[in-house]
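Structure first, then comments.
Small disclaimer: the values here were computed from a predicted structure and weren't measured. Numbers for residues simply follow the sequence, beginning at 1. Any value given below was found using the heavy atoms of this structure, including those in side chains, with hydrogens, waters and symmetry copies removed. Start at 1 and go down the list; that is how both ligands and their atoms are numbered.
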Amino acid sequence: MTRQTPSLSHIHRFVDGDRAHPLLLLHGTGGDEDDLVPLGEAVAPGTALLSPRGQVREGSANRFFRRLAEGVFDLADLEARTQALADFVAEGRRAYGLGAPVALGFSNGANIAAALLLRRPEALAGAVLLRAMVPFEPQNAPDLSGKPVLILSGAADPIIPAENARRLAEILTGAGAAVTHQVLPAGHGLTREDLTRTTAWLRGLAG
Ligand code: MLT
């Protein structure tokens, strides 16, 4: 069953299911609230899905925060959008009666999920970061003790240098998160292997 509640701060899609362990779906540049629903349903069947639309427009493309160039972020905007997204998660949890979600983010959505972990760690129970990069270098690392994080990078990703993804894993690990970082034979786009590994990792959390 899907329904939409336009009164929350972000336009979003909600797919009902197990509300104790929901997924927060965060689309890439040019996506919208419907984009990752099939992925969420595939990797965690029967789980409630909360899927906001990014509030920034770049031309006709939705994003979660502004950038000055490819991979160069507007840090003030990122900070404000991260706070607003964390507030939306709290609103969504109240509105639908949800437990803390695990984020499932792709590209721009994975980058704001990483920013959420660093700025508002209470918003997330964990995160799957698909093709993520360092959103910003934190001055003070938060306490992410025990938070599970899966990072799946592409060995041939033309947007994210391997060193950048490694640095993200290092920052999150340094903050205490339980990070699994795997580099797949892939580019920036998702592959079947992303689905397989994400499904197995989420099952591991549930088990
Ligand atoms: C970003 O802007 O978040 C990254 O460059 C990924 C992208 O959305 O292209």
Side-chain angles (χ1 to χ4, degrees), residues 10-13 23-40 50-89 101-121 123-124 126-138 149-172 177 179 181-191 193-195 197-198:
H10 285 55
I11 294 170
H12 65 283
R13 181 76 57 206
L23 290 182
L24 176 72
L25 304 180
L26 300 169
H27 63 77
T29 300
D32 66 17
E33 65 277 17
D34 290 326
D35 236 44
L36 294 189
V37 168
L39 178 66
L50 181 63
S51 185
R53 181 191 299 180
Q55 291 186 316
V56 164
R57 300 269 283 178
E58 186 182 85
S60 60
N62 300 311
R63 285 176 54 82
F64 283 97
F65 58 88
R66 285 182 213 291
R67 62 181 163 184
L68 307 174
E70 181 76 61
V72 183
F73 302 147
D74 177 335
L75 294 181
D77 188 68
L78 172 58
E79 169 67 19
R81 305 284 175 187
T82 302
Q83 297 293 344
L85 185 60
D87 293 344
F88 165 78
V89 171
V102 170
L104 174 60
F106 168 63
S107 189
N108 181 244
N111 295 341
I112 200 159
L116 274 176
L117 284 170
L118 294 171
R119 274 286 185 252
R120 295 283 296 272
L124 300 178
V128 178
L129 307 177
L130 304 172
R131 310 298 184 272
M133 58 196 293
V134 176
F136 63 93
E137 281 287 336
V149 178
L150 174 64
I151 303 173
L152 296 180
S153 303
D157 190 329
I159 296 177
I160 304 172
E163 180 47 38
N164 190 300
R166 263 199 302 276
R167 174 70 189 136
L168 175 61
E170 186 180 84
I171 291 170
L172 295 173
V179 177
H181 182 200
Q182 297 174 347
V183 181
L184 307 182
H188 196 67
L190 298 181
T191 65
E193 197 57 25
D194 287 280
L195 255 82
R197 295 197 190 202
T198 300

Check ligand 1 against Glu70 and write out every atom of the ligand that is under 4.0 Å from a heavy-atom position of the residue. 5 (O), 9 (O)
I'd like to know if the side chain of Asp74 reaches the main chain of Leu68, judged simply by a donor and an acceptor atom lying under 3.5 Å from each other, with no hydrogens or angles considered. no
Partner of His27 under side chain to side chain contact (heavy atoms under 4.5 Å, CB included), picked from Asp34, Asp35, Leu39, is Asp35
For Phe73 and ligand 1, answer yes if some heavy atom of the residue is under 4.0 Å from a ligand atom, otherwise no. yes
Can you tell me if Ser107 contacts ligand 1 (heavy atom of the residue under 4.0 Å from the ligand)? yes
for atom 9 (O) of ligand 1, nearest protein heavy atom and its distance come out as Arg67 NH1, 3.2 Å
What protein heavy atom is closest to atom 8 (O) of ligand 1, reported as residue, atom name and distance in Å? Thr29 OG1, 2.5 Å
Ignoring hydrogens and geometry beyond distance, is a side-chain donor-acceptor pair present between Ser107 and Arg131 at under 3.5 Å? no
Can you find an N/O atom of His188 closer than 3.5 Å to an N/O atom of ligand 1? no
Ring center gap for Phe136 and Phe73 short of 6.0 angstrom: no
Ligand 1 contacted by Arg63 (non-hydrogen, < 4.0 Å): yes
Can a side-chain donor-acceptor contact be found between Gln83 and Arg119 if the only test is distance below 3.5 angstrom? no
How long is the span from the CZ atom in Arg66 to the CD atom in Gln55, to the nearest 0.5 Å? 10.5 Å
Side chain or backbone of Asn111 under 4.0 Å from ligand 1, or both, or neither, by non-hydrogen atoms? side chain
Measure the shortest side-chain to side-chain distance between His10 and Glu33 over non-hydrogen atoms and say whether it is less than 4.5 angstrom. no
Give the contacting part of Arg131 toward ligand 1: side chain, backbone, both or neither, where contact means a heavy-atom distance below 4.0 Å. neither
Find all atoms of ligand 1 within a distance of less than 4.0 Å from any non-hydrogen atom belonging to Gly71, and give their numbers and elements. 5 (O)
